[in-house]
Novice: 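I'd like to ask some things about the structure below.
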Amino acid sequence: AQKITQTQPGMFVQEKEAVTLDCTYDTSDPSYGLFWYKQPSSGEMIFLIYQGSYDQQNATEGRYSLNFQKARKSANLVISASQLGDSAMYFCAMRENYGGATNKLIFGTGTLLAVQP
Amino acid sequence: DTGVSQNPRHKITKRGQNVTFRCDPISEHNRLYWYRQTLGQGPEFLTYFQNEAQLEKSRLLSDRFSAERPKGSFSTLEIQRTEQGDSAMYLCASSSTGGNEKLFFGSGTQLSVL
């Protein structure tokens, strides 16, 4: 069965430092997509970064990069130069059958990141 | 375009009452999704529309839940005979077809059933 695991319930990071948020996934489908979303206290889920299972290179979006290790089934999010505004819940999500009929995302339980000044 | 809009932001109701939530997706998006999120958990998929057609429903969506998207634009989610276990954040998202189908989420409707 498809599953997303985020083992870090909460993390602290000093402002301007880099932080890695862990995500492992389980699927038997060779075609899938991996996503990271940020949820601040306002509640809105904000898309950060996407990685396709067939992508050869790790995805990057500004200060966000995704460390994709396919053999280990991990898709860790790296935030460089943390800012106070990065404090939020972060969710890893997966969609199987990417490009096919299934469109729902499976989310992990999230990691609460607190950036300290 | 102001993104995905959900109303109301908060709803408090008594057990047994019916409630209805509305979602206005991004105007050019033809796909619309409903998710439910309880405290300390990630969002869970409830249902999905492409245009006006409801193409997929989760087993989480009991007979008391119904969703519509009559003209392929806004959508409503109705819960009949609410129960305390229905208390949650109800999130709506929309996307276009093609590409990596990035989902854009609204701010959600927080439901509290007393």
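Labels below follow one simple rule: chain letters A, B, ... track the order of the sequence lines, proteins then strands, and each chain is numbered from 1. Quantities reported herein were computed from a predicted structural model and do not represent experimental measurements. Atoms considered below: every heavy atom in the structure, side chains included; atoms not considered: hydrogens, waters and symmetry mates.
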Novice: Among B:Gly108, B:Ser58, B:Gly106, which residue has the highest count of heavy-atom pairs closer than 4.5 Å to chain A?
Specialist: B:Gly106

Novice: Test of understanding: clusters of I, L, V, M, F, W, Y form through side-chain heavy atoms closer than 4.5 Å, transitively. Do B:Val19 and B:Val113 belong to the same one?
Specialist: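 In one cluster with B:Val19: B:Val113, yes.
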
Novice: Go through the steps to decide whether A:Phe107 and B:Phe45 satisfy the test ring-ring contact (aromatic ring centres under 6.0 Å, His included), and finish with yes or no.
Specialist: CA-CA 9 Å; A:Phe107 285 85; B:Phe45 172 80; over 10 Å; no

Novice: Give the cluster check for A:Leu84 versus A:Val13: same hydrophobic cluster or not, with ILVMFWY residues linked at side-chain heavy-atom distances below 4.5 Å.
Specialist: yes

Novice: More than 12 non-hydrogen atoms from neighbouring residues, nucleotides or ligands closer than 6.0 Å to NZ on A:Lys70, yes or no?
Specialist: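 It does: A:Lys70 NZ has more than 12 such atoms within range.
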
Novice: Is A:Gln39 in contact with chain B via its backbone, its side chain, both, or neither, using a 4.5 Å heavy-atom distance?
Specialist: side chain

Novice: Is there a path of hydrophobic side-chain contacts, each under 4.5 Å between heavy atoms, that joins A:Phe91 and A:Leu112?
Specialist: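 Per the 4.5 Å side-chain linkage, A:Phe91 and A:Leu112 are co-clustered.
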
Novice: Grab the two heavy atoms, one from B:Arg9 and one from A:Ser42, that are nearest each other, plus how far apart they are.
Specialist: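 So the two residues come closest at NH2-O, 3.2 Å.
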
Novice: Is it the side chain or the backbone of B:Leu46 that comes within 4.5 Å of chain A heavy atoms, both, or neither?
Specialist: neither

Novice: Flag yes if B:Leu55 and B:Leu103 sit in one hydrophobic cluster, no otherwise; membership is Ile, Leu, Val, Met, Phe, Trp, Tyr, and two members link when side-chain heavy atoms are under 4.5 Å apart.
Specialist: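 Result: yes, single cluster for both.
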
Novice: Taking B:Leu61 as the starting point, is it possible to reach B:Tyr35 by hopping between hydrophobic residues whose side chains are less than 4.5 Å apart?
Specialist: no

Novice: So how far is it from B:Lys102 NZ to A:Ile49 CD1, rounded to the nearest 0.5 Å?
Specialist: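 Taking NZ in B:Lys102 and CD1 in A:Ile49, the distance rounds to 11.0 Å.
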
Novice: With a 4.5 angstrom heavy-atom cut-off, which part of B:Gln37 approaches chain A: side chain, backbone, both or neither?
Specialist: side chain

Novice: Before we go on, tell me: are the rings of B:Phe105 and A:Tyr37 under 6.0 Å apart, centre to centre?
Specialist: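 Yes.
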
Novice: Against chain A, work out which of B:Ser107, B:Gly42, B:Pro43, B:Ala93 has the most heavy-atom pairs shorter than 4.5 Å and name it.
Specialist: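 Most heavy-atom pairs within the cutoff with chain A belong to B:Pro43.
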
Novice: Taking the side chain from B:Tyr33 and the backbone from A:Leu105, do they hold a donor-acceptor pair closer than 3.5 Å?
Specialist: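 No, the answer is negative, given that no donor and acceptor are paired below the 3.5 Å cut-off.
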
Novice: Got a sec: does the CD1 of B:Ile12 have more than 12 other heavy atoms crowding it under 6.0 Å?
Specialist: no

